[in-house]
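First up is the structure itself, then whatever we jot down about it.
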Amino acid sequence: MLNLTDVTVSYGETTAVDDVSLDLATGQVLAVLGPSGCGKSTLLRAVAGLEPVASGSIAWDGTDLAGTPTHKRGFALMFQDGQLFAHLTVARNVAYALRLRRTPSARTAARVGELLELVGLAGYDDRLPGTLSGGERQRVALARALAVEPRLILLDEPLSALDTNLRERLAGDLRTILRAAGTTALLVTHDHEEAFALADRLAVMRDGRVVQSGAIDEVWREPVDEATALFLGYARVVRGDAASRVLAAAGMPPAYAVALRRSALVLDEAGTLAARVESARVTPEQVRLVVEVDGIGVLDAVAPLGSRVSPGDEATLRVDVTRLAALPLTPIRSAP
Amino acid sequence: MSLDTTALVPRAVTRPPNRRVVGLLLLAAGPVLVLGLLFVLPVTGMVAEGFVVDGRFAPGAVLEVLARPRVHRVAWFTVWTSGVATALAVVLGLPAAYALHRLALPGRAAVRAALLVPFVLPTVVVGVAFRQLLGEGGPLGSLGLDGTPFAIVCGLVFFNVAVVVRTVGVAWEALDPRPGQAAAALGASPSQVLRTVTLPALRPAIVGAASIVFLFCATAFGIVLTLGGVRHATVETEIYLLTTTVFDLQAAAALSVLQIVVVVGLLALAARLRAVPDPTAHRTATPARPVRRGDTPVVVATLLVLAAMLVPILTLVVGSLRVDGGWGLANYRALSGTGDDQALLVPVTSALATSLRTAVDATWMALLVGVVVAAIVTRRSHSVAERRVRSTLDGFFMLPLGVSAVTLGFGFLITLDQPPVDLRDSPFLVPMAQALVALPLVVRTLTPVLGGIDDRQRQAAASLGASPWRTLLTVDLPVAWKPTLAAGGFAFAASLGEFGATSFLARDDSPTLPVVIFRLIGHPGAMNFGMALAASVVLAATTAVVMLAVERLRVPGVGAF
């Protein structure tokens with residue numbers, strides 16, 4: 001179990017990580033989500049022992065790690081771009097940590113084969129990293145990190161260097177592999193899709209602070225403030241009377257503000273909100289609309305494929321309760 | 001039906017490869033002609049002197065020379081002293097390279113500049129300094145090392161540690177720290193990280209530095225001549241003795257050929273080991289990290305190296321201030337004269353003026369040719385033929401780095417004294433020889449800088465409507481002006497200290513300072529030796545000032561090979 005208590009990391013005058021406390025239970029995957037520059041990578045490097053902690057403590061199973069250098073922590077760090085050793089073959093890369101521990105060569109070879117099988121790269125043993133694609137390199141980096149069964153694996157945007165297709169495929173694989181190995185993992189990313197694909201728990205970080213943390217669906221359902229909602233993929237935030245109107249249409253009590261996903265409003269003849277269509281764009285799965293809702297303003301909406309809508313049409317909309325989040329009365333600065 | 005494929009190629013964008021190669025060759029014509037006239041011609045002239053007897057080609061005599069026992073002894077002596085000196089320079093240079101390029105040591109800029117000074121220090125000065133240190137009455141005189149091979153090895157190491165520190169240090173500075181961190185996160189201790197990740201990544205730089213250092217050691221002239229005398233000769237000093245004292249030109253030519261073959265081989269090897277697939281990639285600027293307690297051994301080793309560098313220089317300064325058992329500036333005052341027993345034809349001060357004038361001329365010549373060469377060899381090639389031409393040119397312009405300065409100087413004497421090139425009385429004879437010696441330094445300083453400019457920057461400028469000149473002005477010049485200035489300073493310092501070729505070419509009535517110093521230590525008389533010490537201090541101080549100015553420009557690649 002990893003415990004971060006009031007961890008602060010500074011670079012000279014600037015505070016990159018400000019008073020962060022987090023807990024990660026064994027066997028779970030925690031994603032730290034935040035925009036670039038929010039201090040999440042610094043936090044990860046501090047856990048790995050690569051950045052000195054100015055104050056607070058990082059502990060594993062109750063033991064403070066302050067005096068433990070990186071190589072004795074037993075945490076494997078997987079970099080954004082893999083950081084494979086270019087002068088070693090795939091097999092030697094994966095075997096790196098095993099050889100450090102003087103594992104007998106027969107056992108090493110068996111383990112390497114097993115790991116390459118696990119990441120779907122059986123037979124790649126003698127290739128050099130330079131000859132691999134981006135996705136293959138990340139897989140090798142993952143196999144290398146898993147080789148000695150680290151008590152914690154640290155993932156720094158493991159998928160963001162990859163293109164969309166590959167990212168989706170590898171995200172699924174990565175989750176399966178982490179589950180299969182029963183590995184505890186701490187993941188940092190700026191991509192909420194990546195976080196949702198891999199993690200059980202989520203912590204949202206902004207300006208060096210953790211603003212919200214909890215189970216992933218909980219955080220997703222109830223973002224603490226506007227900025228968090230927008231960062232979690234909500235398309236727009238509506239405030240004041242307009243918010244109450246939207247919530248009323250959804251049959252929910254009024255709130256200070258409401259965050260709406262792009263699919264929160266659905267074209268429906270039985271709907272209660274009257275609107276005028278401003279633009280319509282066909283996507284492979286649905287028709288995306290921008291609508292001007294009476295008394296509320298410009299919002300996004302969707303219609304099923306095949307709907308006959310064109311700009312200028314009058315329409316009625318229904319609200320999908322599962323695709324909006326009511327926000328508390330006042331914006332909350334940081335989580336308790 | 002035939003398909004007209006040329007229509008598919010946008011002609012305005014890609015010029016035909018052949019035209020590019022032709023353009024490249026035209027651009028290269030100037031520097032090639034200069035190097036051909038001033039380098040290839042003299043060297044082949046010197047070599048031909050040995051091979052041609054009475055107008056007939058007679059290689060037999062040359063081969064006979066190579067079978068002489070003395071030649072074997074000299075060759076073996078060259079190889080083992082250079083080998084030992086190279087190994088020592090690498091061992092001493094690595095910790096300093098790390099400490100001075102990766103750690104935020106207080107005053108590291110000054111230490112870096114101080115360590116670079118020995119490399120450009122005139123060889124004669126270093127010879128004098130070591131004799132003062134190890135000779136009778138010197139601080140280490142009781143060890144009886146004066147005139148031994150050990151003294152020569154020490155002198156060579158003294159010179160070349162800077163090359164290792166620079167070359168490896170610059171590579172170390174640019175080394176991405178993340179693979180090392182990845183290794184640490186996989187459980188590798190600091191020493192395991194060093195062994196399994198860092199050293200393999202630095203291998204090209206280390207082997208490259210070692211091969212260049214070996215080259216410098218094997219062709220060292222002034223230092224061996226002043227410390228070894230006639231007793232301990234290397235190939236280089238043997239060539240000098242054979243041409244000036246014994247007048248055995250055949251033997252000298254044979255040794256020159258031997259040396260050129262070895263040098264070309266080593267340069268090719270060094271180029272191979274240095275090559276990186278893409279010079280624009282893998283360059284990161286890692287901020288120096290604060291010193292921790294674990295760094296103590298490295299810091300101590302660096303300080304020891306620094307001390308070892310300072311001791312000979314301090315001995316030199318102290319010696320120059322000793323007059324008849326007391327202290328005084330008499331040796332410096334004597335510099336306006338010509339020494340005891342009229343040891344010199346001109347006062348030392350006028351030799352200093354000559355040196356400075358010569359160095360200015362040599363510098364602009366080396367820069368003029370060097371900038372063009374660097375521009376030529378760093379442009380991205382569009383075809384295999386073009387790449388071959390470029391790499392051949394690159395190797396060609398590096399040749400003066402390793403070819404004996406003595407061979408060059410003597411070759412100048414015997415080939416440039418008749419039409420078509422008669423430079424015997426030209427005031428530019430010495431500067432030209434020195435410019436050739438400095439040319440590789442200029443090219444080596446500029447190529448990493450120009451090669452590091454991503455070609456897409458130029459393409460972006462061009463696509464925004466910039467003409468080639470405008471591109472040069474907005475993309476290349478802002479990056480290149482400081483390194484060019486630094487290369488100029490480096491060339492200036494190297495030219496100030498040049499001794500091998502100059503000792504042949506300088507006329508008796510206008511010698512340079514190193515030549516004067518060598519003459520002074522060869523003449524008996526306490527005053528003459530004192531004057532040699534004082535003149536050495538003046539020369540060393542001048543070069544040091546120039547190098548400090550260069551260091552202030554903060555160009556990372558200066559002194560790296």
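Remember, predicted model here, so these are calculated numbers, not experimental data. Residue numbering restarts at 1 for every chain, and letters A, B, ... go by the order of the sequence lines.
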Discussion item. The test is side-chain contact (heavy atoms from CB on, under 4.5 Å); show your working for A/Q83 and B/D176 and say whether it passes.
Written reply: CA-CA 10 Å; A/Q83 291 299 335; B/D176 191 340; 3.7 Å; yes
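- To the nearest 0.5 Å, atoms CD (B/Q181) and CD (A/E51) are separated by 7.5 Å.
- Remark: A/R179 CZ is packed, more than 12 non-hydrogen atoms of other residues, nucleotides or ligands lying under 6.0 Å away.
- Contact annotation for A/R45: only side-chain heavy atoms (C-beta onward) come within less than 4.5 Å of a heavy atom of chain B.
- The local environment of CZ in A/R175 is crowded, with over 12 non-hydrogen atoms from other residues, nucleotides or ligands closer than 6.0 Å.
- Taking chain A as the reference chain and counting heavy-atom pairs below 4.5 Å, the highest number among B/P179, B/P190, B/A201 is found for B/P179.
- Considering every non-hydrogen atom in both A/R144 and B/A182, the closest pair reads NH2-CB, 3.6 Å.
- Within a 6.0 Å sphere centred on CG of A/D81, other residues, nucleotides and ligands contribute more than 12 heavy atoms.
- Side chains of B/V197 and A/Y96 form a contact here, defined as non-hydrogen atoms less than 4.5 Å apart.
- The OG1 atom of B/T196 sits 10.0 Å away from atom CZ of A/R92, with the distance rounded to the nearest 0.5 Å.
- Note that the CG atom of B/L186 and the OG1 atom of A/T70 stand 11.0 Å from one another [nearest 0.5 Å].
- With a 4.5 Å cut-off on non-hydrogen atoms, B/A183 touches chain A through its backbone and its side chain both.
- The distance from the CZ atom of B/R178 to the CG atom of A/L50 is 12.0 Å, given to the nearest 0.5 Å.
- The part of A/F79 that comes within reach of chain B is its side chain, from C-beta onward, which places non-hydrogen atoms under 4.5 angstrom from that chain.
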